[in-house]
2 protein chains.
Amino acid sequence: MKTAITPTRAENFSEWYQNLIAAADLAENAPVRGCMTIKPYGWAIWELMRDQMDKRIKACGVQNAQFPLLIPINFFNREAEHVAGFAKEAAVVTHYRLKMIDGVLQPDPNAKLTEPYIIRPTSETIIGDAMARWVQSYRDLPLKLNQWVNVMRWEMRPRLFLRTSEFYWQEGHNAFATHEDANADARKMHRVYGDYMREVLAIPSIMGEKTPDERFAGADHTYTLEHIMQDGKALQAGTSHDLGQHFAKSFNIQYLDTDGQLKYAWTTSWGVSTRMMGGVFMTHSDDDGLVLPPLIAPHQVVIIPITRTENADALNAYAEQLGARLSAADVRVLVDTSDMRSSDKMWKWIKRGVPLRVEIGAREMDENIISITRRDLGKSSKQTMTADAFVADVKNILAQIQQDMYNAVVERNKTMIHDVADLAALESALESGKIGFFRIKYDLTMNDQFNELVEKYKISRRCLDDADQQYVFVAKSY
Amino acid sequence: MKTAITPTRAENFSEWYQNLIAAADLAENAPVRGCMTIKPYGWAIWELMRDQMDKRIKACGVQNAQFPLLIPINFFNREAEHVAGFAKEAAVVTHYRLKMIDGVLQPDPNAKLTEPYIIRPTSETIIGDAMARWVQSYRDLPLKLNQWVNVMRWEMRPRLFLRTSEFYWQEGHNAFATHEDANADARKMHRVYGDYMREVLAIPSIMGEKTPDERFAGADHTYTLEHIMQDGKALQAGTSHDLGQHFAKSFNIQYLDTDGQLKYAWTTSWGVSTRMMGGVFMTHSDDDGLVLPPLIAPHQVVIIPITRTENADALNAYAEQLGARLSAADVRVLVDTSDMRSSDKMWKWIKRGVPLRVEIGAREMDENIISITRRDLGKSSKQTMTADAFVADVKNILAQIQQDMYNAVVERNKTMIHDVADLAALESALESGKIGFFRIKYDLTMNDQFNELVEKYKISRRCLDDADQQYVFVAKSY
């Protein structure tokens, strides 16, 4: 059977992904090393993802603010693990002026910065510095801040959405009076992310804590959400960190407690990024292109009038009318009256993953009926109904698609998670080419043997199992 | 009379502004040269401004996208006027890694970029490069793109919101088949801005075209919106540029026309930024602090229960109840049940410019009445009404405040615009210390004499008068 995307997932998952992004017109490589340009259709998806996340974040009592893009090197250098984790991929600003010298435009040697800046890879340091000023007494705590910004981590092997030098994210930074409060909040934001991914992205998360070697650079605990892609590889979709007092001590975030003592605060940070978009695309899409959950689809319904020259005007007008009724019912709808051929339109919107496709031909118009097809189920789901019935039911249909898409991933994941008894069993499973997540009993004394397998099979410890922390999930990953 | 902000506007406008920003907790200088940190209250205002502008932009058929932060120097260098206009304030990225050398963390000499990047001061170049790929035929035009991003122009004399090295803005970039279409659209976006500023920011704009010496670097026509601050100085609140074919030719944006000919497109760009926030603050505020138009106020109403120890719980609960009724009526309301003294609460929210203050004491609660005071009119506007009447009328009261604030600026501006007959009259007005905008008949042959006055009195040509382009507005400016 011919598919809209070649190669198919089964033939070459990685090329399929690349061609999917292009076919759905989501993004392209930018003329800046490792960076992407997010095209209008891709950015519209991100805006929907962002706005729904932003609401949930604000509902937690978090306030948005905006901190500088540039970070003085000495800030960055104050927390040892942090700098070790990020220095290798930092974009460095060294000059503040360009000059034409010998016909070449270049950094002006007379405008060299005494202390260079780096473009933020993450903002614990610059926000820690602000918190030290903003937190004076116990009354100022908890302090809960978030920002939606671009960050940069120099990337040698970029892949659109999954790994790019510049990416877009929210980074939350909270400060508390006690470690108990901080840790509870890091776990709470972890759950907020899990709820969001289930309810908005239609993706179940494997939720757990990172092992020490996989923690954020400067954290005591890192809680992660791991998603299983269709090729069995893991994608880290979000993390929430209990930073202990690492940054509070490096940046002197102190508060006067009720007992009159000056104490260090306890901080957390938590973030999700445009990387999560790559996860959504790889989780739900098929060999005909993108499949979008209705809650994040820029067009939830596309109406395609199947016109012939003699009836185009009437049919387009009829389609516009139906579109207006759906808009009034608060559905995001697009009526495609462009002058492309009907079958080209159909494939265009299939490839872009519009959840519901409505087709109306001359006969349907006369009988006041329509055909609808669900993107997630494909052709076999095609059914006919009256326009009135559709308008009355469209919200339910979209909710059903959202739920069914989630359920489908839950079912698939069941076939992707394997319990293995020991390292030998893990090795033989990997050797046999089995894909997915492997769950294995784990303790630190196994690390040497473990690391051999990590090296040999390019796997990593994804997280400890929240249900029983003696077990760890292991997988190949993006 | 004691004022909440000292010095007052009359005593020292520039210090007043600085203290206003601090008193309203809007922003602070960042530990990065020339940059600011926008605090939660300031950012909440920006989110309201941004979201209302974004809706208007999308209503024009513009699509949001996201282009890279970094621009290769050679891109930047392709349009001669453009590079001349921005090279002197460019932040330059030269390395992609840090290394500890002799105990000092510094740019790794082995990770020097072959070609440096600059942090975007504006994105005509990188978007022009994308447009060259995205525009192939006349069917692809018009192409209307926008992005909400941070940009950077190195600033030696920064002032919060008004002039900072990093700032936040939207930049629209449109491409058309003909110059007529492009110019008409540049003018249209100019009007969209004017409508927004009048309707949302409650500020009338002086709308006109920039004289050649004040144009954007690389534009054929720059349309500007000039606002008159309370000290008579001008603030440029937004611009819309007809870029002719400058960037289309530099970046090879060509389309195949209906006649089979390959033609260069015509492009425009248009932007408003966080600088506009400084204009809002300087336009509406008074000696007691910020005054916010209701449409951009994070809290449109603040409810202050005037509690005593014995009735605090009951009164706070009563206030919360009223708050819930206002929230249900879609009003942004804050009930201040914090443990500050009532008078401190009152001054806190006066300084932060909340449009309507509701006070409820024990007697009011018993009688089911409240006191309301308008921030824009001050104490004299205090009146008593039943809680029910207030809930029923609050939307109208807020709309009235919005309208009255606009009218007040219109009235004040009338005293700030002066017709002058000739350059001698202009000089004597400036010499006498008259403040505001001066409208004078102008042609390019006067430029030498004009430039002497520009130099001597630190004035500038703000714009040609839209009503009669033989006249130009002249003023000191921010």
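Every chain is numbered from 1 and lettered A, B, ... according to where its sequence line falls, protein lines coming before strand lines. Small disclaimer: the values here were computed from a predicted structure and weren't measured. Values below: every heavy atom of this structure, side chains too, minus hydrogens, waters and symmetry copies.
Only the side chain of A:M100 comes within contact range of chain B, with at least one heavy atom under 4.5 Å from a heavy atom of that chain. Neither the backbone nor the side chain of B:N74 comes within contact range of chain A, judged by heavy atoms closer than 4.5 Å. Neither the backbone nor the side chain of B:F86 comes within less than 4.5 Å of any heavy atom of chain A. In this structure, the portions of B:P68 lying under 4.5 Å from any heavy atom of chain A include both its backbone and its side chain. For chain A, the nearby parts of B:R33 are the backbone and the side chain; heavy atoms of each come within less than 4.5 Å. Of the two parts of B:V149, neither the backbone nor the side chain holds a non-hydrogen atom closer than 4.5 Å to a non-hydrogen atom of chain A. With a threshold of 4.5 angstrom between heavy atoms, B:K58 approaches chain A through side-chain atoms but not through N, CA, C or O. In this structure, chain A has a heavy atom under 4.5 Å from the side chain of B:E28, while its backbone stays farther away. For chain A, the nearby part of B:E89 is the backbone; its heavy atoms alone come within less than 4.5 Å. When heavy atoms are compared at a cutoff of 4.5 Å, A:W134 approaches chain B solely by way of its side chain, counted from C-beta outward. Interface residue B:F76: only side-chain heavy atoms are found under 4.5 Å from chain A. When heavy atoms are compared at a cutoff of 4.5 Å, B:N64 approaches chain A by way of both its backbone and its side chain. Heavy atoms closer than 4.5 Å to chain A are found in the side chain of B:M152, but not in its backbone. Contacts of B:Y117 with chain A are made by side-chain atoms alone, with heavy-atom separations under 4.5 Å and no backbone atom involved.
Using modelled atom types, one finds a donor on one side chain and an acceptor on the other under 3.5 Å when comparing A:S269 with A:E124. Side chains of A:T37 and B:Q66: no donor on one and acceptor on the other come within 3.5 Å.
Under the 6.0 Å distance and 45° angle rule, B:R352 counts as a cation-pi partner of B:Y41. Remark: B:R78 is positioned above the aromatic ring of B:F75, its terminal NZ or CZ atom under 6.0 angstrom from the ring centre and at most 45 degrees off the axis.
No side-chain donor-acceptor contact under 3.5 Å links B:E47 to the backbone of B:W43.
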